[in-house]
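The basis for the numbers below is simple: all heavy atoms, side chains too, and nothing from hydrogens, waters or symmetry mates.
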Amino acid sequence: MTAAERLFLEKGVEQTTIEEITTGAGVAKGTFYLHFSSKADLLQALRARFVQVVLDGIVAAVGGCRQEDWRSKLVAWSTACATGYLDAAGLHHLAFVAAPPASRVGLSRNILIDHLSELIADGAGGDAWSADDPGFTAVFLFNALHGVVDQPSIAETPSARAELLRAIEAHFLRALGLRSGID
């Protein structure tokens, strides 16, 4: 998949052949077809890998917070998610914008939204904030974050990136009725 990702980013999905992918990966075409039925199938696997890598970063960041420190967990979630998208902006654009999935279900139901919904519900259960509908709140916050980090030329410099992450953090906190450190 790494060879395909590199080629897709360099040439585009349509312009990349399966032969170029297998040559770049050092495998036979038959090996490709043992794992994928088409380039579209491979692209779906790249999408799934992208989302899993972002989730892994989120889980690690949230896991580094104290058990009952819900505020820090929420900040860690928003920062890790935004960072995951920003760090792999090219792949995200390729997999979700240039060659979008057949369905937009991922914007209302995916493993990132599920994780955030659980965090919001757990924080509400721990009296850290009030959330009448954690699932709705998670979809709302995820899509807001997603829309912001998906803008062209966003966070091009380290200072712009730091400011963007602070703004996302502040909005996540405010959405759950918490004051941010920059209020």
Side-chain angles (χ1 to χ4, degrees), residues 1-10 12-13 35-36 39-65 69-123 131 134-158 160-176 180:
M1 283 199 321
T2 302
E5 179 181 332
R6 180 182 50 77
L7 287 163
F8 287 168
L9 287 169
E10 286 174 12
V13 175
H35 299 280
F36 308 104
K39 285 192 296 184
D41 191 27
L42 173 60
L43 189 57
Q44 182 56 37
L46 284 171
R47 287 183 189 114
R49 184 171 78 173
F50 170 85
V51 174
Q52 187 62 55
V53 167
V54 173
L55 179 61
D56 292 346
I58 291 168
V59 168
V62 171
C65 299
D69 188 354
W70 298 106
R71 177 189 177 87
S72 291
K73 287 180 179 186
L74 186 64
V75 168
W77 196 101
S78 68
T79 301
C81 186
T83 299
Y85 274 88
L86 293 169
D87 287 350
L91 176 58
H92 177 265
H93 182 78
L94 169 84
F96 293 96
V97 179
S103 166
R104 294 179 50 94
V105 169
L107 294 174
S108 60
R109 181 102 180 131
N110 68 45
I111 59 177
L112 302 175
I113 292 171
D114 293 344
H115 190 269
L116 179 57
S117 180
E118 289 174 22
L119 175 64
I120 293 169
D122 290 347
F136 177 88
T137 304
V139 169
F140 184 85
L141 288 172
F142 172 80
N143 279 282
L145 181 150
H146 186 266
V148 169
V149 298
D150 201 29
Q151 295 177 74
S153 304
I154 193 94
E156 287 186 325
T157 66
R161 184 181 181 121
E163 182 57 36
L164 174 65
L165 293 175
R166 280 191 297 276
I168 290 169
E169 170 189 324
H171 280 73
F172 264 63
L173 292 168
R174 280 191 214 115
L176 289 167
S180 72

Considering all heavy atoms, the nearest [X]-[Y] contact:
X      : Y      : answer
Ala80  : Gly57  : CB-O, 3.8 Å
Phe36  : Asp41  : CA-OD2, 3.2 Å
Ala155 : Leu164 : CB-CD2, 3.9 Å
Ala4   : Leu42  : CB-CD2, 3.2 Å
Gly147 : Gln151 : O-CG, 3.5 Å
Ala131 : Ile120 : CB-CG2, 3.5 Å

Could you tell me whether the side chain of [X] and the main chain of [Y] form a donor-acceptor pair under 3.5 Å?
X      : Y      : value
Glu118 : His115 : no
Lys39  : Val13  : yes
Thr79  : Ala76  : no
His171 : Ala167 : yes

With a 4.5 Å heavy-atom cut-off, do [X] and [Y] have their side chains touching?
X      : Y      : result
Asn143 : Val139 : yes
Leu112 : Tyr85  : yes
Leu116 : Phe172 : yes
Thr2   : Arg49  : yes
Phe96  : Asp150 : no

Working to the nearest 0.5 angstrom, can you tell me the gap between [X] [atom1] and [Y] [atom2]?
X      : Y      : atom1 : atom2 : result
Leu173 : Ser78  : CG    : OG    : 7.0 Å
Phe50  : Leu55  : CZ    : CG    : 11.5 Å
Cys65  : Arg71  : SG    : CZ    : 12.0 Å
Thr137 : Phe142 : OG1   : CZ    : 15.0 Å
Leu91  : Phe8   : CG    : CZ    : 10.5 Å
Ile154 : Glu163 : CD1   : CD    : 10.5 Å

**Q.** Residues Arg166 and Glu169 bridged, charged N to O under 4.0 Å
**A.**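 Judged by the 4.0 Å cut-off on N to carboxylate O distance, Arg166 and Glu169 do not form a salt bridge.
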Q.
Any salt bridge linking Arg161 with Asp87? Criterion: basic side-chain nitrogen under 4.0 Å from a carboxylate oxygen.
A. yes
Q) Does a donor on one side chain sit under 3.5 Å from an acceptor on the other, for Gln44 and Arg47? A) yes
Q: Evaluate whether atom CZ of Arg6 has more than 12 neighbouring non-hydrogen atoms of other residues, nucleotides or ligands under 6.0 angstrom away.
A: yes
Q: Among Val54, Ile168, Ile58, Leu165, find the residue that satisfies the side chain to side chain contact (heavy atoms under 4.5 Å, CB included) test when tested with Thr83.
A: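 Answer after filtering Val54, Ile168, Ile58, Leu165: Leu165.
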